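Report on the following structure.
In what follows, every chain begins at residue 1, and chains take the letters A, B, ... in the order their sequences are listed. Computed from a predicted structure; not experimentally measured. Atoms considered below: every heavy atom in the structure, side chains included; atoms not considered: hydrogens, waters and symmetry mates.
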Number of protein chains: 2
Amino acid sequence: MTYMNAVNAEPPLWRMIRDSLEAALAAGEYPAGRPLPSEARLAARFGCAIGTVRRAVDELVAARALVRRQGKGTFVPDIDEMTRRAPDAPDRTAYYFFHIRPRDGTRALPATELLAFRASVPCPAWIAPHLGIAPRAPMIFARNLQRIGGRAVVLDDLWLPAALFPGLDRAGFAGREGTVYGLYQKRFGLSVIRTDERLRAVSAPPAAAAALGLPAGAPVLRIQRVALAIGERPVEMRISHADTREHEYFNTLA
Amino acid sequence: MTYMNAVNAEPPLWRMIRDSLEAALAAGEYPAGRPLPSEARLAARFGCAIGTVRRAVDELVAARALVRRQGKGTFVPDIDEMTRRAPDAPDRTAYYFFHIRPRDGTRALPATELLAFRASVPCPAWIAPHLGIAPRAPMIFARNLQRIGGRAVVLDDLWLPAALFPGLDRAGFAGREGTVYGLYQKRFGLSVIRTDERLRAVSAPPAAAAALGLPAGAPVLRIQRVALAIGERPVEMRISHADTREHEYFNTLA
DNA sequence: TTCGATTTGTTCGTATGTATT
DNA sequence: TAATACATACGAACAAATCGA
């Protein structure tokens with residue numbers, strides 16, 4: 001038998017199916033928590049064999065856009081569920097987006113305290129290009145202090161394009177259950193699956209020094225992060241300053 | 001038909017094959033540059049279908065332990081070949097193990113200058129556990145200065161268990177072609193496929209301040225890296241200090 | 001508790017496409 | 001051109017987990 005692919009220069013069928021599924025995910029067609037159509041159904045819909053659908057889904061699972069559960073179905077992963085694992089869980093999914101940890105080997109998830117929230121701030125000129133938005137576009141700004149084991153360790157400044165988070169106010173932001181990424185997902189259908197981070201060592205800015213209890217000008221780790229949802233959509237810029245006297249940023253490249 | 005798996009608690013066949021191949025790779029049975037046996041041959045050897053071998057190889061490809069080339073075969077990846085790509089190559093493999101880059105978006109591979117080399121130094125007590133070796137075991141020590149665009153940006157201290165690198169001397173180390181990881185692979189059969197890094201912001205130690213042209217006590221990025229070969233074997237401890245005034249550490253989590 | 005339906009996971013086998021030598 | 005090797009796609013059978021009747 002000859003397949004579509006006999007016609008030259010076409011991408012393989014499984015990739016077209018993958019892209020089609022990814023577009024559906026980016027459009028929020030499959031909310032987290034409810035299963036996608038079964039592989040057999042998807043195969044029927046796409047007019048292909050189950051194995052071809054599996055190949056496409058495999059890719060999305062590898063990209064962390066989907067998770068499979070035998071006997072149940074295939075789901076958009078629930079970010080908070082990934083995050084809420086026991087700190088000594090064997091896999092590292094719990095720390096996927098949280099890389100600061102004690103140097104002494106102990107593990108604890110951070111507790112977050114909201115220090116500031118403003119619902120409409122013009123986007124700083126240097127941030128706009130990182131998020132692919134217009135300069136001075138309306139932004140939501142929030143400042144969080146993260147404590148690990150009671151100690152103030154990280155000061156986060158978050159910048160969110162207001163257009164992506166309609167109706168988000170201080171109460172909704174502070175009263176969330178779980179992480180901010182869980183909030184993005186559950187209330188706005190934005191599933192963060194990738195982050196790009198740029199790290200530098202700098203002298204602590206005054207706000208960070210004060211919040212972290214550091215002497216003025218002490219070296220701190222500055223982390224500039226862009227969070228991307230399915231389909232490469234930037235949804236958040238975050239500038240963090242971390243006190244790395246007792247903590248460190250961990251990164252494994254595999 | 002019933003498969004092996006009917007007997008309970010056995011891992012799937014593809015995982016046993018994957019582990020078997022990984023063990024062979026760790027033992028250096030397949031040197032970089034020459035193809036592994038074809039998938040058909042491997043299937044015959046393991047007494048299974050080609051699809052099952054492909055599944056096992058898929059995993060090793062995902063773990064960067066192997067690369068496939070259509071029409072040619074499956075290979076242990078040549079680290080230097082990955083690294084020597086054009087700086088504007090579309091994929092990021094060239095920078096897989098090299099994360100420091102200019103902040104302004106330009107891209108250039110670093111030039112390395114050997115500042116010090118000692119062939120037999122007892123292992124510092126705090127390093128030994130990270131490499132899984134005995135304290136005071138004989139080590140090779142090297143200090144490299146990395147320049148990017150002519151500017152001194154990173155000072156590297158390398159610690160290698162001497163037992164893994166028999167006969168490596170200053171001339172062999174300095175006279176290598178390509179990266180140090182390429183040297184480990186070509187001369188000693190150690191293919192680095194993973195690194196664990198811990199980052200902190202610290203005041204520049206005197207040696208780093210001098211080499212990087214920094215004022216005493218300026219903030220620098222301290223990177224402590226353990227390089228792991230196939231089979232989780234630690235082969236190198238590296239402590240780097242980077243000047244992040246004009247450069248940054250980039251990390252993408254996908 | 002047992003059973004059956006549903007869904008993903010594993011394994012086999014086959015045919016054909018495409019790149020390399 | 002022919003042989004070889006990986007890539008894509010199909011289809012089928014059975015295993016294992018889940019859930020509700």
Please report the distance, rounded to the nearest Å, between [atom1] in [X] and [atom2] in [N].
X	N	atom1	atom2	answer
Arg15(B)	dT11(C)	CZ	C1'	15 Å
Asp58(A)	dT8(C)	CG	C1'	11 Å
Glu10(A)	dT18(C)	CD	C1'	15 Å

Is the phosphate of dC6(D) approached by Arg54(B) (side-chain N or O, under 4.0 Å from OP1 or OP2)?
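Checking Arg54(B) against dC6(D): no side-chain N or O falls below 4.0 Å of OP1 or OP2.
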
Is the shortest side-chain N/O distance from Thr74(B) to OP1 or OP2 of dA5(D) below 4.0 Å?
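Looking at the OP1 and OP2 atoms of dA5(D), neither is under 4.0 Å from any side-chain N or O of Thr74(B).
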
Going by heavy atoms closer than 4.0 Å, what residues in residues 28-52 of chain A are next to DNA chain D?
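Here the set is Cys48(A), Ala49(A), Thr52(A).
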
Over all strands shown, is Arg55(B) touching base, sugar-phosphate only, or nothing at heavy-atom distances under 4.0 angstrom?
sugar-phosphate

Is it the case that the side chain of Gln185(B) and the backbone of Ile79(B) share a donor-acceptor pair, with hydrogens and angles ignored and the cut-off at 3.5 Å?
yes

Can you check whether Phe97(A)'s main-chain N or O pairs, donor with acceptor, with Arg225(A)'s side chain at less than 3.5 Å?
yes

Is the distance from the ring center of His99(B) to that of Tyr249(B) below 6.0 Å?
yes

Give each protein N/O atom lying under 3.5 Å from an N/O atom of nucleotides 18-21 of chain D, with the pair distance.
from, atom 1, to, atom 2, distance (Å)
dC19(D), OP1, Lys72(A), NZ, 3.3

Hey, does [Y] have a side-chain heavy atom less than 4.5 Å from the side chain of [X]?
X	Y	answer
Leu190(B)	Leu164(B)	yes
Val153(A)	Arg101(A)	no
Leu158(A)	Phe173(A)	yes
Arg69(A)	Phe75(A)	yes

Output yes when Arg194(A) and Glu232(A) qualify as a salt bridge under the 4.0 Å nitrogen-oxygen rule, no when they do not.
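Judged by the 4.0 Å cut-off on N to carboxylate O distance, Arg194(A) and Glu232(A) do form a salt bridge.
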
Measure from the side chain of Leu13(A), starting at C-beta and using heavy atoms only, and say which of dT11(C), dA9(D), dC6(D) lies closest.
dA9(D)

